[in-house]
Each structure stands twice: as C-alpha cells, then as structure tokens.
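The chains referred to below are lettered A, B, ... by the order of the sequence lines, with proteins before strands, and numbering in each begins at 1.
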Amino acid sequence: MNKPGLPQGTRDFSAVVVRKRNHIFTTIRSVFELYGFQPLETPAMENLDTLMGKYGEEGDKLIFKILNNGLDNPAKEQQAKEAFSKILSGKSSRDITERALRYDLTIPFARYVAMNFGQLTLPFKRYQVQPVWRADRPQKGRYREFYQCDADVVGSRSLLNEVELAYIYSQVFSKLRVPVTIHINSRKVLAALAEICGGEDKMMDITIAIDKLDKIGLEKVKEELSGKGLNSGQVAVIDQYLSIGGDETEKMTQLKTLLGGNASGLQGIAEIQYVLDRCRSLPAGSRLQTDFTLARGLNYYTGIIFEVKANGVQMGSIGGGGRYDDLTGLFGVPDVPGVGISFGVDRIYDVMEELQVFPDDVAAGTRVLFFNLGQTESEKAFALMQQLREKQVACELYHEQAKFDKQFRYADKKQIPFTVIIGSKEAENGTCVVKNLASGEQHTIAQAVLPDFSFQ
RNA sequence: GAGGACGUAGCUCAGUUGGUUAGAGCGACAGUUUGUGGCACUGUAGGUCGGGGGUUCGAAACCCCUCGUUCUCCCCA
C-alpha cells in the first residue's frame, strides 16, 4: 500500500482553518452584498478555447488541461495518435483535450457576460468566490489550487465605481481588523510616461520594470530599462517620476509638471484626483494614497489601478484590481468597460494570524458535551440534548458509556466549554449537573430548565 | 522552464570516521480498584530509515537513478 498523498500545491483544511477562512469569506461576501453586488458561480471547468490565449504565452502553459474521455476507443485510435503527436509538438489538440480548469475568475465572468449580455441589467455588478487552478510550481504562499474573491462592475464608465470599490476594500479590512493602505495609480499616467519615454510600444517594458521597484530597487530598474532600449534622457524622466514624493497635494503637483503636457496623462491625473477627493472619509484603520510606482502585472488594465497592503506586516499585496476596457470583446461583445477588485484570501489569512486578529469565537464548535453514564441515563441525556439543539446550541452525547476521566478528556481535546452530567442520581431525581470546564464551577439544576440555561 | 536544500515512528527531530537488536520528546492507546478532567507515574502499540540499484565483510550514513517535499529565479494571487 502506497501512502496516500495530495497533488502538489493543494491543501487540506482542518476544522480550525476552515472556520477562520470562512470568517474571511463571509465578511467579504457580506460587504459585497451591502454594495449591491450579486453572487455568480461558474463551473470548475471551461472549454479550453475560452481560456487559451487570454493570459499570454506563459499563462497558456499554466492552464490545467483535462484529458478527454474515451481515448481508448479502438475505432478512434488513429485519430488519437495523430492528435497526440500534435500535443508533442507543443500545440493543443481538441481530440485529446477540450476542457480545462478555470485559471482565474475574470475570464469566466467575461464569458458569462458575453453569453448573457441581452439579459443583464447594466451596470452588472457581480461577485464570485471560488477556487482557481494553476499548473505553476508551488512556493511560499503560492498554490496550485487557491481561492479568489472578485467583485466587478461591467457596463459603466463612472468613476463612482472606483470610489465604491475603494470603500469596499476599506470596509472589509476594517471588519477584519486589519489596518491597510490602499495604493492607487492610473494606467493612463503610465501610458503618458511611456509616450514621453520612447513610445507606446515601450509601455509593457516600463510597466513591468516599475512593478519590480520595491523588489529589486531603483538602480536595477534603471538598468533594466536601459537594457530595453531606453536612452539616458528617457531613463532620467522615469527616475524623476519614481522619485515623486511629499504629501498628496505636492505629489499631484509634481506629477502634473512631469506629465501635464500629455493628454492621457492629464486624464489619468484628473481621475486619480477624483477618487482621492471622494475617499476622504474611509472607515478608520485604512487610508488611500497615490503610489506612482504601482503598475500591476496584468496587461488588460487601462485606467485606475489598486493594490492593498497590510500596514506593519512584511507581506506582498493582499488585494488588487483596476479598470479595464472591452473585457468581453474577445467573446464577440465589444465596448463593455468594467472595473474590478480581488482579495487574496491566503495572504489575508497569514496577515490575520500574524496580527492575531481572528475573533476568539471563530473557532467555536461543540458547546456542550453530555456525559454517557449508562443506558437509561443516556436516554434522558439524549432527549435533553435534542431540546438544546432546537435552541441552536451545538451538543454532543459521548458515544458510549465510559469513565469520567475519558469523557472529560474528550471535552478538553475538542475544547468543549461545558459538560452536562446525568448519572443514576440525577436521572432519578430529575436534575443534571452543568459544569464549566474552564472555571471548574458546576451547578445542579432541574432537567426541565436546562433548555433555558445560557451556556456563556 | 532554471537552480539549491531536505526525505529516519502519527508530529518535531537525534543517530559519532560506515560497525551489535535504529533512539528521544510530544502525540495515540491502556492502566494507577467505575461520580469529577487538565497534572503525575507505569506500560503498550507504532519504522521495508521515501523507492530502486551500486560500493562494502557490513549502509540510515558513501555513489548513481527515481519519486516526494520545500525554497529561490521567471511569472503571478
């Protein structure tokens, strides 16, 4: 017998972890609902065509493909062999694989919007909390199966959406008791910078280089830019751009000086200013600030971009998002703009562990353990237990008659805070003993009033 | 896709230049005379030393291959 194991990069979640994760999920969901977003769920698998070509060349390689069934059908042996040789030469073949696990939630959402465009009330606001799969090599904080929590608005160009999304971030993290800073920038500002420094076609290179700033440092970024063909004057402009500092007013002034001559730049600056002005009263614990070094790796963003970092914790971003144009164009429905955000649950979990901000009652399981002290005793206990369950109190009856020692230890191990003891004496005179395991206090009360006992 | 580190009991790990029957702590289970737990004491179970091959009189240890885990880079959440 081989030892059982898990596929690389996947995890089991035990009770305590599931409860803590659910606390994060339900908090996020409740805030999404509060802002008028509706839930959407899509299948774990999509047609391969839907996913291929949407995430760049690297992304295609990281999609988990599903082997077709029936490949062993003798009648189709020749076809299967030809298809497989196509696979060997690096192309995918519909005769071998025509479905794949979803890689993110955005493309399935775009597919859904395109398929149902006629029926949707615009602007369409949906949220989605589901696992996604990537055939990436796992490493610290990175898995092959992980959850994404996305909220998107499509069919609206209004910047009010950006403002609301910033408030959602703020409200969620306030509820989770995680102090955060929401960084914002605009792809239009970055586009303007690219136009000034070597043209639009350099935008990708510049974006990627800037995105690495906090990882590799200013000098390395400049080196990388020179390597991509920017001359020293152009690198100097980017150096100047990355050095913008001071309070928000000063930063915006410097940005205007640098990029104000560019139409795209002006627009980006105006949009950032709008969001800044309308996010003055974010819930306590979070702040919004411009960060012109923010770039975001994904290339479909076109307007405001966000990234959220926990204050005082050494950890990458715990959320990100931004505005995109024409997400559904790939699926035949052009001109549908949108803006969305995403929460990184696994990192949020780690941050909350580090800050120790999970509420104590998150781990609450069984509240009361009924001792099993014999046939007739346990029958009484069972009947009483059912009454408590009716009152929404989580109970268990010990599974067999056993010594006190054993039953107490079971309660200890499962961190059950109360026991109810009904032995022969109690069974006879209609009472029961309620014991608080933490304090050791115990009371004898009538069985009739047990259902009204508050196990606090 | 490239490169490092590590695989010994359920868990965390010892294990001397290669040398008897591979150990500890924690955990599990049982007991310390069946109505009050956490402690303590005693005992029991649990290992093809990741797998395969090689070197050797002798391998957990040395060599090769393989599988797995983990970390870094690329990319991302």
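Between A/Tyr127 and A/Phe32, the angle of the ring planes lies from 30° to 60°, which puts this pair in the tilted group. Note on ring orientation: taking the six-membered ring where Trp is involved, the planes of A/Tyr324 and A/Tyr300 are perpendicular (angle over 60°, cut-offs 30° and 60°).
Comparing B/U8 with B/G52, their P atoms sit 16 Å apart, to the nearest whole Å. Taking the P atom of each, B/U36 and B/U44 are spaced 29 Å apart, rounded to whole Å. Rounded to whole Å, the C1' atom of B/C6 lies 26 Å from the corresponding atom of B/C76. Taking atom P on both nucleotides, B/A28 is separated from B/C11 by 15 Å, rounded to a whole Å. With both ends at atom P, the span from B/A60 to B/G50 equals 10 Å, rounded to whole Å. Spacing between B/C64 and B/U55 at atom C1', rounded to whole Å, works out to 11 Å. B/G23 and B/C63 are spaced 27 Å apart, taking the C1' atom of each and rounding to whole Å. Comparing the same atom, C1', in B/A14 and in B/G54 gives a spacing of 28 Å after rounding to whole Å.
Protein atom OH of A/Tyr300 is 7 Å distant from nucleotide atom P of B/A77, rounded to whole Å. If you measure from atom CG of A/Asp346 to atom P of B/C76, you get 18 Å, rounded to the nearest angstrom. The CD1 atom of A/Ile63 sits 14 Å away from the P atom of B/C76 (whole-angstrom rounding). Atom pair A/Leu437:CG and B/G38:P shows a separation of 12 Å (rounding to whole Å applied). At whole-Å resolution of the value, CG in A/Asn372 and C1' in B/G37 are 17 Å apart. Between the C1' atom of B/U34 and the OH atom of A/Tyr398 lies a distance of 14 Å, rounded to the nearest Å. Per the geometry, NZ belonging to A/Lys413 stands 11 Å off P belonging to B/G38, to the nearest Å. One can place CD of A/Gln442 at 15 Å from C1' of B/G38, the figure rounded to the nearest angstrom.
Judged by atom type and distance alone, A/Asp412 reaches the base of B/G37 through a side-chain donor-acceptor pair under 3.5 Å. No donor-acceptor contact under 3.5 Å links the side chain of A/Gln8 to the base of B/U69. On a pure distance criterion of 3.5 Å, a polar donor-acceptor pair joins the side chain of A/Lys435 and the base of B/U36. Donor-acceptor pairing under 3.5 Å, judged by distance alone, is absent between the side chain of A/Arg142 and the base of B/C71. Between the side chain of A/Glu426 and the base of B/G35, at least one donor-acceptor pair of N or O atoms lies under 3.5 Å.
Set against B/G37, B/U34, B/C76, the side chain of A/Arg134 has B/C76 as its closest nucleotide. Of the candidate nucleotides B/U72, B/G35, B/G31, B/U72 has the atom lying nearest to any side-chain atom of A/Lys140.
The cationic group of A/Arg323 does not satisfy the cation-pi geometry with A/Tyr301, failing either the under 6.0 Å distance to the six-membered ring centre or the 45° limit from the ring axis. Cation-pi geometry between A/Arg144 and A/Phe64 is not met at under 6.0 angstrom from the ring centre and within 45 degrees of the axis.
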- Let me see the working for A/Arg134 and A/Phe146 under side-chain contact (heavy atoms from CB on, under 4.5 Å), right down to the final yes or no. CA-CA 9 Å; A/Arg134 296 187 187 176; A/Phe146 60 96; 3.8 Å; yes
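A/Gly320 comes within contact range of no nucleotide atom at all, as no heavy-atom separation falls under 4.0 Å. Across all strands, A/Gly423 comes closer than 4.0 Å to base atoms (heavy-atom distances). Here A/Thr419 lies out of heavy-atom contact (under 4.0 Å) with every strand. Note on A/Tyr143: a base of the nucleic acid sits closer than 4.0 angstrom, heavy atoms only. As judged by a 4.0 angstrom heavy-atom cut-off over every strand, A/Gly319 is placed among residues making no nucleic acid contact. Base engagement by A/Gln139 is indicated by at least one non-hydrogen atom pair under 4.0 Å involving a base atom. Contact annotation for A/Lys406: backbone-only contact, meaning every heavy-atom pair under 4.0 Å involves sugar-phosphate atoms and none involves a base.
Look at B/A60: it lacks any Watson-Crick or wobble partner with both distances under 3.5 angstrom. Applying the Watson-Crick and G-U wobble criteria (two distances, each under 3.5 Å), B/U36 pairs with nothing in any strand. Pairing of B/A30, defined by two Watson-Crick or G-U wobble distances under 3.5 Å, is identified with B/U42. For B/A2, the paired base is B/U72 (Watson-Crick or G-U wobble, both distances below 3.5 Å).
Ranked by how close their nearest RNA chain B nucleotide is to the 5' end, A/Asp136 and A/Pro7 are led by A/Pro7. Both A/Arg137 and A/Gly141 lie near RNA chain B, and the one whose nearest nucleotide falls closer to the 5' end is A/Arg137.
Panel note: side chain A/Arg287, backbone A/Thr181; no donor-acceptor pair is recorded below 3.5 Å.
Taking 4.0 angstrom as the limit, A/Lys220 places none of its side-chain polar atoms (N or O) nearer than this to OP1 or OP2 of B/C73.
Taking all atoms of both residues into account, the shortest heavy-atom contact from A/Leu369 to A/Ala411 is CD2-CB, 3.9 Å. When every heavy atom of A/Ile210 is checked against every heavy atom of A/Phe292, the shortest pair comes out as CG2-O, 4.5 Å.
Residue side chain A/Phe146 meets the stacking definition with respect to B/A77: its ring centre sits within less than 5.5 angstrom of the base's six-membered ring centre, and the planes differ by less than 30 degrees.
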